[in-house]
Visitor: 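A single structure is presented below for examination.
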Amino acid sequence: MNVFRILGDVSHLLAIIILLLKIFKSKSCAGISGKSQILFALVFTTRYLDLFTTFISLYNTVMKVIFLICAYVTVYMIYVKFRKTFDSENDSFRLEFLLVPVTGLSFLENHSFTPLEILWTFSIYLESVAILPQLFMISKTGEAETITTHYLFFLGLYRALYIANWVWRYYTENFYDQIAVVSGVVQTIFYCDFFYLYVTK
């Protein structure tokens, strides 16, 4: 594993921790899309089912468990602990608009037609669009103050580092995963839009 992958994982984890700390310290989920966080929890759940079947490394296992815990703690904070501060009226993006096409695409375009591989592919496709409910919420309310610049910075850095990771692996290992790369580029475009909305709103 190269340094771009490790730094990408760390940046992604920092973004999630920053969001959690913000919710916990402010005791508010205002401006945060619970639907986007549900989608991220679903992404990690379907991607990391190999925890039960394959051991890759201690680093890999620990990171997967931490991402899963953080994702579900975030959802718990939004929908249970601080639910009175959650703006459900403006978090109105219809998830079926994402889940139905992503599910269909994961059955049609995957590396192998096995349950774990289809679920992994589903998680890759879903992650690329999981931020859309948050974008929709920001554009609807015209407010982005509750999403900190640090959270945005580390999410953007995570995507940039993963693109660097793919480039590095292509040139050093001759490895190229079209599903991950195309989905990652789409996701990066949405994060750029997210940052643009943050700055302008």
Visitor: When clusters are formed by joining ILVMFWY residues with side-chain heavy atoms under 4.5 Å apart, either directly or through shared neighbours, do Leu119 and Leu105 land in the same one?
Guide: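 Cluster IDs for Leu119 and Leu105 differ.
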Visitor: Identify the heavy atoms of Ser36 and Ser33 that sit nearest to each other, and give their distance.
Guide: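 Distance-wise, the nearest heavy atoms are N-OG, 3.1 Å.
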Visitor: Looking at Trp168, I want to see if its CH2 is surrounded by more than 12 non-hydrogen atoms of other residues, nucleotides or ligands under 6.0 Å.
Guide: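 No, the 6.0 Å shell around CH2 holds no more than 12 heavy atoms from other groups.
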Visitor: What distance separates Thr188 OG1 from Ile163 CD1, expressed to the nearest 0.5 Å?
Guide: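 Interatomic distance, Thr188 OG1 to Ile163 CD1, rounded to 0.5 Å: 3.5 Å.
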Visitor: For a quick test of reading the model, state the closest non-hydrogen atom pair linking Trp166 to Gly184 and the distance between them.
Guide: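 What the structure gives for the nearest pair is CH2-CA, 3.6 Å.
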Visitor: I'd like to check Tyr59 versus Asp9 (side-chain heavy atoms, cut-off strictly below 4.5 Å). Are they in contact?
Guide: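 Touching, per the 4.5 Å side-chain cut-off.
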Visitor: Supply the atom-to-atom distance Thr74 OG1 to Ile23 CD1, rounded to the nearest 0.5 angstrom.
Guide: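 Thr74 OG1 to Ile23 CD1: 5.5 Å, rounded to 0.5 Å.
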Visitor: Where do Val75 and Ala41 come nearest, in terms of heavy atoms and distance?
Guide: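 Heavy atoms only, the tightest pair is CG2-CB, 4.2 Å.
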Visitor: Quick one: side-chain hydrogen bond (donor to acceptor under 3.5 Å, both in side chains) pairs with a partner in residues 97-121, sequence neighbours left out?
Guide: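 Every pair satisfying side-chain hydrogen bond (donor to acceptor under 3.5 Å, both in side chains) with a residue in residues 97-121: His111-Asp177.
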Visitor: Any chain of hydrophobic side-chain contacts (each under 4.5 Å) joining Ile124 to Leu108?
Guide: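 Different hydrophobic clusters.
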Visitor: Do you know the tightest heavy-atom contact between Val43 and Thr46?
Guide: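 Distance-wise, the nearest heavy atoms are O-OG1, 3.2 Å.
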Visitor: Are Leu116 and Leu51 connected in a single hydrophobic cluster, I mean Ile/Leu/Val/Met/Phe/Trp/Tyr linked by side-chain heavy atoms less than 4.5 Å apart?
Guide: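 Different clusters: Leu51 never reaches Leu116 through Ile, Leu, Val, Met, Phe, Trp or Tyr contacts under 4.5 Å.
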Visitor: Check whether Leu68 and Val62 end up in the same hydrophobic cluster, where Ile, Leu, Val, Met, Phe, Trp and Tyr are linked by side-chain heavy atoms less than 4.5 Å apart.
Guide: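 They do share one cluster, since a chain of ILVMFWY contacts under 4.5 Å joins Leu68 to Val62.
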Visitor: Assign the ring pair Phe44 / Tyr48 to parallel, tilted or perpendicular, where the plane angle (0 to 90°) is split at 30° and 60°.
Guide: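 Parallel, since the angle between the ring planes stays under 30°.
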Visitor: What's the separation between atom CD1 in Ile66 and atom CD1 in Ile16, rounded to the nearest 0.5 Å?
Guide: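 So the gap between those two atoms works out to 10.5 Å.
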Visitor: Evaluate the side chain to side chain contact (heavy atoms under 4.5 Å, CB included) criterion for residues Tyr125 and Val186: first the C-alpha distance (whole Å), next the side-chain angles of each, then the deciding distance (0.1 Å), finally the verdict.
Guide: CA-CA 9 Å; Tyr125 292 148; Val186 169; over 6 Å; no
Visitor: Residues in side chain to side chain contact (heavy atoms under 4.5 Å, CB included) with Leu132, at least two apart?
Guide: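 Leu132 satisfies side chain to side chain contact (heavy atoms under 4.5 Å, CB included) with Phe93, Leu98, Val129, Leu135, Phe190 only.
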Visitor: Take Ile56 and Lys64 through the test side chain to side chain contact (heavy atoms under 4.5 Å, CB included) and record every step on the way to the result.
Guide: CA-CA 11 Å; Ile56 298 172; Lys64 286 177 179 179; 4.2 Å; yes
Visitor: How many angstroms lie between CD in Gln37 and CG in Leu42, if you round to the nearest 0.5 Å?
Guide: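 That separation rounds to 12.5 Å.
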Visitor: Is it the case that over 12 heavy atoms from other parts of the model lie below 6.0 angstrom from the OH atom of Tyr171?
Guide: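 For Tyr171, atom OH is not crowded (no more than 12 foreign heavy atoms under 6.0 Å).
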Visitor: Using a distance-only test with no angle check, is there a side-chain donor-acceptor pair under 3.5 angstrom linking Tyr72 and Thr45?
Guide: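 Per modelled atom types, Tyr72 and Thr45 side chains form a pair under 3.5 Å.
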Visitor: Please walk me through it: do Phe107 and Phe113 pass side chain to side chain contact (heavy atoms under 4.5 Å, CB included)?
Guide: CA-CA 7 Å; Phe107 275 94; Phe113 202 77; 3.8 Å; yes
Visitor: Could you tell me the separation between the CG atom of Leu14 and the CG atom of Leu155, rounded to the nearest 0.5 Å?
Guide: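 Interatomic distance, Leu14 CG to Leu155 CG, rounded to 0.5 Å: 10.5 Å.
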Visitor: Look at the side-chain heavy atoms of Ile, Leu, Val, Met, Phe, Trp and Tyr, link any pair under 4.5 Å apart, and say whether Tyr158 and Val167 land in one connected group.
Guide: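 Yes, Tyr158 connects to Val167 through the hydrophobic network.
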Visitor: Of all heavy-atom pairs between Cys70 and Leu13, which one has the smallest distance, and what is that distance?
Guide: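 Where Cys70 meets Leu13 most closely, the heavy atoms are SG-CD1, 4.3 Å.
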Visitor: For the pair Thr172 and Asn2, evaluate side chain to side chain contact (heavy atoms under 4.5 Å, CB included) and give the outcome as yes or no after the intermediate values.
Guide: CA-CA 10 Å; Thr172 60; Asn2 62 67; 5.9 Å; no
Visitor: A cation-pi test, strictly: NZ or CZ of Lys22 under 6.0 Å from the centre of the six-membered ring of Phe24 and no more than 45 degrees from its axis. Yes or no?
Guide: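 No, cation not above the ring by the 6.0 Å, 45° rule.
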Visitor: Sequence neighbours left out, what passes side chain to side chain contact (heavy atoms under 4.5 Å, CB included) with Ile69? Give chain and number order.
Guide: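 Partners of Ile69 under the side chain to side chain contact (heavy atoms under 4.5 Å, CB included) test: Val65, Val73.
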Visitor: Look up atom CD1 in Ile138 and atom CD1 in Ile32, then write down how far apart they are to the nearest 0.5 Å.
Guide: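 These two atoms lie 10.0 Å from each other.
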Visitor: Taking ring-ring contact (aromatic ring centres under 6.0 Å, His included) as the criterion, tell me which of Phe154, Tyr162, Phe67 meets it with His12.
Guide: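 Single pass found, and it is Phe67.
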Visitor: Provide the closest heavy-atom pair for Leu39 versus Leu126 in the form atom of the first, atom of the second, distance.
Guide: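 Nearest heavy atoms, Leu39 then Leu126: O-CD2, 3.8 Å.
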Visitor: Just to verify, what does Arg47 make a salt bridge (charged side-chain N to carboxylate O under 4.0 Å, His left out) with, not counting sequence neighbours?
Guide: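 Salt bridge (charged side-chain N to carboxylate O under 4.0 Å, His left out) check on Arg47 returns Glu127.
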Visitor: For Glu96, check salt bridge (charged side-chain N to carboxylate O under 4.0 Å, His left out) against everything at least two apart and list the hits.
Guide: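 Partners of Glu96 by the salt bridge (charged side-chain N to carboxylate O under 4.0 Å, His left out) criterion, ordered by chain and then number, come out as Arg94.
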Visitor: Tabulate below the donor-acceptor pairs under 3.5 Å that side-chain atoms of residues 79-86 make, not counting sequence neighbours, or state none.
Guide:
from	atom 1	to	atom 2	distance (Å)
Tyr79	OH	Lys35	N	3.4
Arg83	NH1	Val80	O	2.9
Thr85	OG1	Cys29	N	2.8
Thr85	OG1	Phe82	O	2.7

